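Quick notes on the structure that follows.
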Amino acid sequence: MIWADRRLCDLLGIEHPIIQAPMSGSATPTLAAAVSNAGALGSLGCAEMSVEEFRAAFAEARALANGPINVNFFAHISPRADGGGLARARDFLKPIYAEAGLLEIPPWPQTIRAFDATILGPLLEAKPQIVSFHFGLPSPQAIRALKAQGAVILSTATTTAEARDLEARGADAVIAQGWEAGGHQGRYLSDQPAQIGTLVLVPQVVDAVQVPVIAAGGIADGRGIAAALALGASGVQMGTAFLWTDEAKVAPARREAMRRAGAGDTAMTKGFTGRPARAIVNRFVEAMAPHEDDLPPFPLLDGLTLPLDIAGATAGAPDYMGLLAGQSVARNRQGGAAELVETLAAETAAAIGGVAA
Ligand SMILES: Cc1cc2nc3c(=O)[nH]c(=O)nc-3n(C[C@H](O)[C@H](O)[C@H](O)COP(=O)(O)O)c2cc1C
């Protein structure tokens, strides 16, 4: 398939204008490599990896892949103080832990890391071709250092203001992430979620910036990709669709919850980490709803909620797990990631041809 708008394909060195979203915890090296080998962009979500884990995951993906691999980090600033929020969260989490059948809240390390000097050095050594960020961009020095060695920089915008800001700070392409998207919203210029759907956001971002725009949020098949291209996007980033693939790391209880979920069964919640993320509504999301306005700063809450996710995955019980997924969850298909990329490319071509005819 020859795509009319080749700006993203040329920028990233890929055949199909499709990016498998970097999903921290779920996007494995085998997934990223399978996608890359099928001609799209495979990504690793590195936000919860130690330096050693990052090195190992990137080396594994690189060894398996013939094409480029994107590595993704969170660009938030680590909070210095919690304003007593963690103690208050412990109090309201106690009955939720009890409901889940757990006797106490175990001490848990903070795994979500902010992009800082400890990871910049190893990242420069690894020399990835593409680096993407969520929650803004890191320091101008870090961006300069990465660009100096030829890395392409991507980041997520949830409004036109964020898109302009990212472009001004050196992003080579902007991911326009709509309200439908699964996982964390990349919103960073405000604490409140941006409630703009992909269909509305994408053309506005296309008009606001010169760099190529990547549409994300609710895109689950070739019809969605064709629609995004018609809106002026140069490509798409898809998360939930790739969560279904064989190569994604998804606990069986979570897969089962995804299988049961319909388009209306997800919601945006701050209950997992303190920042808005879209997940399948379960008992945990409901129990956290009254506390949304009194949470410790991102990402501190994660250390208190992750044990519930792990316990649920171990017990095969999804009620208190973090079931991050987007509104397109019900549309998705199981199978290999390479097969999904091939199907998506063929479907997109057919959808574009069908409209023109
Ligand atoms: C399970 C899950 C985890 C995610 N983790 C990340 C992440 O680590 N970094 C990131 O930039 N985006 C992350 N996202 C958001 C995706 O990049 C993308 O915006 C989103 O998946 C697009 O919407 P869709 O799920 O409807 O395809 C995640 C999404 C999901 C579903």
Side-chain angles (χ1 to χ4, degrees), residues 18-28 31-32 41-49 54 57 70-76 111-115 130-137 153-158 162 166 171 173-188 193-194 197-199 201-202 213-221 224-225 227-228 233 235-245 248-251 254-255 257-258 261 263 266 268 272-273 275-280 298-299 302 309 321-333 340 344:
I18 299 169
I19 303 176
Q20 163 251 312
M23 297 177 282
S24 183
S26 296
T28 59
L31 173 59
L41 181 64
S43 308
L44 292 172
C46 307
E48 292 171 275
M49 292 181 188
F54 159 70
N70 165 39
V71 291
N72 171 266
F73 298 90
F74 288 178
H76 65 284
T111 53
I112 296 181
R113 57 148 64 228
F115 186 85
I130 297 142
V131 183
S132 74
F133 294 97
H134 218 44
F135 309 125
L137 283 169
I153 306 290
L154 314 177
S155 186
T156 296
T158 61
E162 286 180 344
L166 294 175
V174 167
I175 302 152
Q177 185 197 37
W179 174 243
E180 301 90 329
H184 278 94
Q185 225 192 32
R187 183 105 173 107
Y188 67 95
T198 306
L199 190 71
L201 181 67
V202 170
V213 174
I214 299 153
I219 299 167
D221 59 24
I225 299 173
V236 298
Q237 176 158 303
M238 300 166 70
T240 304
F242 283 98
L243 262 191
W244 280 109
T245 60
K249 189 175 162 205
V250 176
R254 186 166 163 200
R255 273 193 200 262
M258 285 168 59
T266 70
M268 202 60 90
F272 293 108
T273 62
R275 282 202 179 180
R278 184 172 291 284
I280 296 170
F298 178 85
D302 193 53
D309 179 71
M321 289 174 68
L323 306 172
L324 300 189
Q327 290 185 337
S328 67
V329 63
R331 171 67 185 95
N332 292 304
R333 301 167 274 203
L340 178 60
L344 291 171

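Whatever order the structure lists ligands and atoms in, that order sets their numbers, starting from 1. None of the values given here were measured: they were computed from a predicted structure.
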Residue-level breakdown please: for [X] versus ligand 1, do any non-hydrogen atoms fall below 4.0 Å on the side chain, on the backbone, on both, or on neither?
X: Q177; value: side chain
X: F74; value: side chain
X: S24; value: both

Can you tell if the side chain of [X] reaches within under 4.5 Å of the side chain of [Y], non-hydrogen atoms only?
X: N72; Y: S43; value: no
X: P22; Y: S132; value: yes
X: H134; Y: Y188; value: no
X: R275; Y: H76; value: yes

Going by the order shown, which atoms of ligand 1 are within less than 4.0 Å of some heavy atom of [X]?
X: G239; value: 21 (O), 24 (P), 25 (O), 27 (O)
X: G217; value: 22 (C), 23 (O), 26 (O)
X: G182; value: 15 (C), 20 (C), 21 (O), 23 (O), 24 (P), 25 (O), 26 (O), 28 (C), 29 (C), 30 (C), 31 (C)
X: A181; value: 20 (C), 22 (C), 23 (O), 26 (O)
X: A21; value: 16 (C), 17 (O)
X: T240; value: 24 (P), 25 (O), 26 (O), 27 (O), 31 (C)
X: L324; value: 1 (C)

Any heavy atom of [X] sitting closer than 4.0 Å to ligand 1?
X: T156; answer: no
X: A47; answer: no
X: S26; answer: no
X: A241; answer: no

Legend entry - Which atom of L324 lies closest to which atom of A277, heavy atoms considered: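 Of all heavy-atom pairs spanning L324 and A277, the closest is CD2-CB, 4.1 Å.
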Can you find an N/O atom of [X] closer than 3.5 Å to an N/O atom of ligand 1?
X: L243; value: no
X: M238; value: no
X: Q237; value: yes
X: R254; value: no

Legend entry - Interatomic distance, E180 atom CD to T266 atom OG1 [nearest 0.5 angstrom]: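 So the CD of E180 and the OG1 of T266 are separated by 9.5 Å.
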Nearest-contact summary for [atom] - protein heavy atom, Å:
atom: atom 9 (N) of ligand 1; answer: N72 OD1, 2.8 Å
atom: atom 13 (C) of ligand 1; answer: P22 O, 3.5 Å
atom: atom 2 (C) of ligand 1; answer: M23 CG, 3.6 Å
atom: atom 26 (O) of ligand 1; answer: G218 N, 2.8 Å

Legend entry - Pair R187 + E162, salt bridge at N-O below 4.0 Å: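 A salt bridge links R187 with E162.
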Legend entry - Side-chain donor-acceptor pair present, T273, H184, cut-off under 3.5 Å: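 Yes, because at least one side-chain N or O of T273 sits under 3.5 Å from a partner of the opposite role on H184.
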Inset, instruction - Answer yes if the side chains of E48 and S24 hold a donor-acceptor pair under 3.5 Å, and no otherwise. - result: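 Result is yes, a qualifying pair exists.
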Inset, instruction - Sequence neighbours left out, what pairs pass side chain to side chain donor-acceptor pair (under 3.5 Å) with at least one residue falling in residues 321-331? - result: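 Matches after skipping sequence neighbours: D221-R331.
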Inset, instruction - Give me the ring orientation class for F73 and F133: parallel if the planes are under 30° apart, tilted from 30 to 60°, perpendicular past 60°. - result: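 Plane angle between 30° and 60°, so tilted.
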Inset, instruction - Can you label the angle between the F74 ring and the F298 ring as parallel, tilted or perpendicular, going by 30° and 60°? - result: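 Correct class here is tilted.
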Legend entry - By salt bridge (charged side-chain N to carboxylate O under 4.0 Å, His left out) - contacts of R255 (at least two apart):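 Checked R255 against salt bridge (charged side-chain N to carboxylate O under 4.0 Å, His left out); zero matches.
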